[in-house]
Amino acid sequence: MKLSWKTFLLWSLPILVVSFFLWQGFLAPTTSELNTNIASSRMTYGRFLEYLDMGWVKRVDMYDNNHTAIIEAVGPELGNRVQKIRVELPASAPELVTKLRKANIDLDAHPTRNTSALWNLLGNLLFPLFLIGGLALLFRRSNGGAGGPGQAMSFGKSKALFQMEAKTGVIFDDVAGINEAKEEFEEVVTFLKQPECFTAVGAKIPKGVLLVGPPGTGKTLLAKAIAGEANVPFFSISGSEFVEMFVGVGASRVRDLFKKAKENAPCIVFIDEIDAVGRQRGTGIGGGNDEREQTLNQLLTEMDGFEGNTGIIVIAATNRADILDSALLRPGRFDRQVSVEVPDFKGRLAILQVHARNKKIDSFVSLDTIARRTPGFSGADLANLLNEAAILTARRRKLSITLNEIDSSIDRVVAGMEGTPLVDSKSKRLIAYHEIGHAVVGTLLQDHDPVQKVTLIPRGQARGLTWFTPSEDPSLISRSQILCKIMGALGGRAAEEVVFGDAEVTTGASNDLQQVTSMARQMVTRFGMSNIGPLSLESEESNPFLGRGMANTSDYSDEIAIKIDQQIQYIVRECHQKAVNIIRENRVVIDRLVDLLIEKETIDGGEFRQIINEYTPVPNKQFSVN
Ligand code: ADP
Ligand code: MG
Ligand code: ZN
């Protein structure tokens, strides 16, 4: 409903009046001074002159362009006390000033006000005009929004409160690789479709489901799929949108959201990034955030307010359930948690199949191989990968996506944009030795992932890259595998040292060394793989409320801290020595491989192994390479 202008005038009139007084009070000092100076008594001009002649006038203040004077005088009529009296001066009283001067009376003329009078008038008009203008704006806004009668003054409203999709168009078939989560939700869909089945036997449906998982794993997609499958509207808002500048806005948004949801039940309410509002109360460093707490409280109130059977199901997503306020996780709120993980090989394959549906992919491409090459990729990464490949295919004016485009896209997603190769130079040779160093050490170690390719084409930050085909299950790694990884990572620097000497080593290894140090440290402090023993000395998760560095305060004695450092050093030194040995022992083939790499820019894994095999037997690794 539109608000009528009648209502508008009704509001603006009192504001006009009030503002006028305000203006008078604040911004017209001369007039007000005059007004406060007004003695209760007045005097005619003639009488004033008489007083002047009698010498009873002590002081004169002229105001209003010399039209008014306030005099201080004593006299018998005034009870012999100094009093202030107001005198209206005639228009032409030029002789007055000289007269006052002669009589040596304190005289003060206050600034003339002919211009300021105009300003005053303008001001008097402008101020209320501003107010009315502002009010009118507010009216228009609230009318344009999801307005209703009597909402003119609810400031917390704006158009982009939350998104509502009547139909999401997403179905369960669009979601792959997260089957456990999907099964949990099929029940929710049944409830939304046939609530009778549940209510008949007295079952209470969970009001809230919490989806927990890393970004890009398909949480939003899954929530949308539920709405799509059940054919109900989908309301969504992000936790970070709640937390706004104006206090009280978050809470009012929650209220609005649930109000709308109730009107549209059955429906799904999706709250993304709920940790932004729902983190543990009172733990923030530097004091709590009232706004956030109010929003959270409102959310809790709303969730308590509706009965489980109204047909609203609240789905929230977060990547950190551990920091959520425990009040959110109590029964009757988000009492169900469904975790969504980064997909494994099978999951990746399934997700690739979903996203390959609407793309023209060459029949030689096996999604299986792509899935194998992409451990750690989330659903979003995989979707992005196929899309990149499709774009590249179109750019190359090909008709279908081939392995070539997919390879480039994987490289791009992992390592960034491709750069232009260096021209042959000393630094190019050094980079070549560095990369071949990684590749040779990696190839000759039994427990190292096999080389997929070595390239001198820069990508992202890297000036050359050695790619390895990752092992099947990266979540279970043996001690020997980690040691091999460390040796492989040190292979680059080792080659620089052996070939160019200690003085010539470069900063190119800094990233390798970071990885090496972190792996060695984890071996000692997390995996119990050093002679300190099977102790867990540091945990993976740092305190979410502290910065990373701050959180790692020691759970162990200084004595252990020294031992940790010694063990890390020991591991790295041993691995480095082994890498150096491998490089020394294979110097001949390394020189040959470097020449080949500089010539060809890229050597693929098969050819690489073949060449090495001419000199040294290459250990047979479990994994086949594409
Ligand atoms: P999240 O909300 O967990 O951060 P999204 O649901 O927004 O992730 O995922 C982003 C996109 O990635 C989706 O729109 C979809 O294209 C793709 N995606 C992610 N996970 C999956 C999955 N399990 N199955 C299919 N596609 C997925
Ligand atoms: Mg999301
Ligand atoms: Zn390196």
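This one's a predicted model, so the numbers in the text were calculated from it and none came from an experiment. We're numbering straight along the sequence, starting at 1. These values consider heavy atoms only, across backbone and side chains, with no hydrogens, waters or symmetry-generated copies.
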Report the distance from atom [atom1] of [X] to atom [atom2] of [Y], rounding to the nearest 0.5 Å.
X	Y	atom1	atom2	value
N511	Q514	CG	CD	5.5 Å
T168	E229	OG1	CD	9.0 Å
K219	S339	NZ	OG	11.0 Å
L537	Y556	CG	OH	7.0 Å
N231	I226	CG	CD1	14.0 Å
T318	I271	OG1	CD1	11.5 Å

Run the salt bridge (Lys or Arg N to Asp or Glu O under 4.0 Å) test against [X] and tell me which residues pass, sequence neighbours left out.
X	result
E388	R412
E184	R336
D174	R357
K262	E302

Show the numbers, then the answer: is there a side chain to side chain contact (heavy atoms under 4.5 Å, CB included) between V170 and L221?
-> CA-CA 7 Å; V170 181; L221 191 70; 4.0 Å; yes
Side chain to side chain contact (heavy atoms under 4.5 Å, CB included) partner of L328, chosen from I274, V277, L210 = I274
Positive for side chain to side chain contact (heavy atoms under 4.5 Å, CB included) with I315, one of V188, L211, V338 =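 Only one option passes, and that is L211.
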Could you give me the CA-CA distance, side-chain angles and deciding distance for F235 and I312, then say whether side chain to side chain contact (heavy atoms under 4.5 Å, CB included) is met?
-> CA-CA 10 Å; F235 290 88; I312 301 177; over 6 Å; no
For [X], check side chain to side chain contact (heavy atoms under 4.5 Å, CB included) against everything at least two apart and list the hits.
X	result
Q522	S518, R526, F527
D106	R59
V342	P214, T217
A380	S378

Indicate yes or no: at least one non-hydrogen side-chain atom of [X] is less than 4.5 angstrom from one of [Y].
X	Y	value
I323	R320	yes
K259	E263	yes
Y51	M43	yes
F185	V209	yes
V314	F334	yes
R521	E538	yes
I105	L52	yes
R42	V87	no

Closest contact, heavy atoms only, [X] versus [Y]:
X	Y	answer
A230	L192	CB-CB, 3.7 Å
V269	A261	CG2-CB, 3.6 Å
N264	K260	ND2-O, 2.8 Å
F172	A225	CD2-CB, 3.8 Å
V60	A69	CG1-CB, 4.0 Å
A276	G239	CB-C, 3.6 Å

Can you sort out the partners of F48 under ring-ring contact (aromatic ring centres under 6.0 Å, His included), two or more places apart, ordered by chain and number?
->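 So F48 forms no ring-ring contact (aromatic ring centres under 6.0 Å, His included) with any residue.
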Mind checking what makes ring-ring contact (aromatic ring centres under 6.0 Å, His included) contact with F234, not counting sequence neighbours?
-> F270
Does atom CD of E559 have more than 12 heavy-atom neighbours, drawn from other residues, nucleotides or ligands, at distances under 6.0 Å?
->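 No, the 6.0 Å shell around CD holds no more than 12 heavy atoms from other groups.
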Test K207 against R333 for side chain to side chain contact (heavy atoms under 4.5 Å, CB included), laying out the working first.
-> CA-CA 6 Å; K207 289 180 201 170; R333 287 154 184 178; over 6 Å; no
Please report the C-alpha distance between K224 and E165 in whole Å, then the side-chain angles of each, then the deciding distance to 0.1 Å, and finally whether the side chain to side chain contact (heavy atoms under 4.5 Å, CB included) criterion is met.
-> CA-CA 9 Å; K224 281 190 177 174; E165 287 176 50; 3.4 Å; yes
Using a 3.5 Å distance criterion without hydrogens, assess whether the side chain of [X] forms a donor-acceptor pair with backbone atoms of [Y].
X	Y	result
N387	A383	no
K58	V74	no
K84	I71	no

With sequence neighbours excluded, residues passing side chain to side chain donor-acceptor pair (under 3.5 Å) with E72 |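 Checked E72 against side chain to side chain donor-acceptor pair (under 3.5 Å); zero matches.
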With sequence neighbours left out, write down each residue that passes side chain to side chain donor-acceptor pair (under 3.5 Å) with T525, or none if nothing qualifies.
-> none
